[in-house]
Amino acid sequence: MNTRSVKRLPVENGISGWEAISRRSFPVRCLDGNVEADWLIIGAGFAGLSSARRLLELRPDDKIVVLEASEVGKGTSGRNSGYMIDVPHNLTSSEYSSGTADATRLEMAQNRSAIAFATRAAEDYGMSRETFDPAGKINAAATARGMKLNASFGQSLKSAGEKHSLLDAAEMREITGSSYYLGGLYTPGAVLIQPADYMRQFAAGLSQRIDLFERSPVMSLRRENGSWTASTARGRVSAPKVILGVNGHIEDFGHFGRRLMHIFAYASMTAPFPADDFGHKVSGRDRWALLPADAMGATVRKITSGGQSRIAIRTKYTYDTTVTLSERRLSKMAEAHRNSLDARFPGLKGIAFEHSWAGRLCLSLNHVPAFGEVEEGLFSACCENGLGTVKSTLAGMMAAELATGTISRELEEYMDHPGPTRLPPEPFAWLGINSVIRLQELRAGREG
Ligand SMILES: Cc1cc2nc3c(=O)[nH]c(=O)nc-3n(C[C@H](O)[C@H](O)[C@H](O)COP(=O)(O)OP(=O)(O)OC[C@H]3O[C@@H](n4cnc5c(N)ncnc54)[C@H](O)[C@@H]3O)c2cc1C
């Protein structure tokens, strides 16, 4: 018998604006009692719910249980900026693309496979354009360096045979209403999601065919007589095979220790303001989505619904060894968001932030997932390297294929990488990683 206690449970730092403006259409069920299943999935984010959907495709008659510590849409999957990106998006490379043309092509094929899977789900579960919008995205440049990074990213895309277009300052102003940007690089393949709505509608769509238990954190996992049993405060689930879609919390289940970087990302969302702000002069079109030309800059996105607009902004990263952040830290980050927003949209200075929050990313030094069968019958679909809308969707799909013994070229290619490399010991990792982040943020300058 092999019992393992889960060391730490997830914590939500701040209420995300996306969750606050999203509506939930189904009741929360908590696990109460003991359940036998064919499959147990732990974690109801992109990875967990995508593996549930893929399992239903592969094993339509099997009983699938999903256990979620919190509620669908409240965790990191429901609190991101909502960019499902098809082109390379390596946060540790300032212009996103760091591989050869072949590696870039493979990465794009994988990202697009995940986006196609998400698109089918969005259709099946009746998601509206406000939840799932295949509008593409712009890498916006506010400095000469940003323009160079866009040019160099454009070159990598061109070598891989990818379409993109360059926008000048006037076009950026027409789209966003802001004179802050010198130019932009538009790629058409990204989908913009309202992340909390997407997660909730995905879960609602699955809920007729799976058992989803929320507010049911797994506190221990035991293997006995060829079966796994996960225990929560009020019940147990036993299944021969388990898929872990818990991202960085995989370490708390005893795997990939000292190989994963836990990076907090921070975001704020404004209160609503009239979509027709002085004739759209202040913030431009109803909907647009900007990524920074420099990966360490600010992601800025405008949404409009029912004549009311909001802007969501994400800047700043920190590496932390704890899961809980202080109020002070969140306020400091909200201040940085305010400065970034005011610099871009001076006409919105009077519009307060309604929500500021943080969420945890999981990165590996060598930019690979923490994936595979980590013990007999126990599969990991973790470590999304900062692009979980896509990479965790893919990891969930691939984990379902691996666990069911489904042979596919996509799975073979997906598994063709080394494991995450080891981090330096603490406090050196903390010092080193935070110093690199700070230096890169300083270098990003006005992009942040
Ligand atoms: C501010 C911000 C902006 C971002 N922007 C983007 C973006 O634009 N595009 C993009 O692709 N990515 C973005 N990300 C990253 C993205 O949100 C993550 O990559 C993604 O959420 C990872 O999905 P996941 O399913 O792997 O993990 P998670 O979303 O972390 O889901 C794991 C789930 O496991 C559950 N869990 C953990 N432990 C247990 C346990 N013991 N028992 C039961 N359940 C457990 C958690 O509660 C959680 O719901 C952003 C993140 C942040 C914070």
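As the structure lists them, so they are numbered: ligands from 1, and atoms in each ligand from 1.
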One should read off an interatomic distance between R422 CZ and L260 CG, to the nearest 0.5 angstrom, of 11.0 Å

At a 4.0 angstrom heavy-atom cut-off, ligand 1 is contacted by V6, L9, P10, I42, G43, G45, F46, A47, L67, E68, A69, T76, S77, R79, N80, S81, G82, Y83, P217, V218, G245, V246, N247, H249, F253, A265, A267, R314, G359, L361, E384, G386, L387, G388, T389, S392

Requested in this report: Please work out whether the ring planes of Y125 and F202 are parallel, tilted or perpendicular, with thresholds of 30° and 60°.
Outcome: perpendicular

### Query
Hey, does the Lys NZ or Arg CZ of R310 hover above the aromatic six-ring of F273, less than 6.0 Å from the centre and inside 45° of the axis?
no

Residues D320 and R360 bridged, charged N to O under 4.0 Å: no

Taking the basic N atoms (NZ, or NE/NH1/NH2) and the acidic carboxylate oxygens, is any pair closer than 4.0 Å for E375 and R4? yes

Do R29 and E214 meet the salt-bridge criterion of a basic N to acidic O distance under 4.0 Å?
-> no

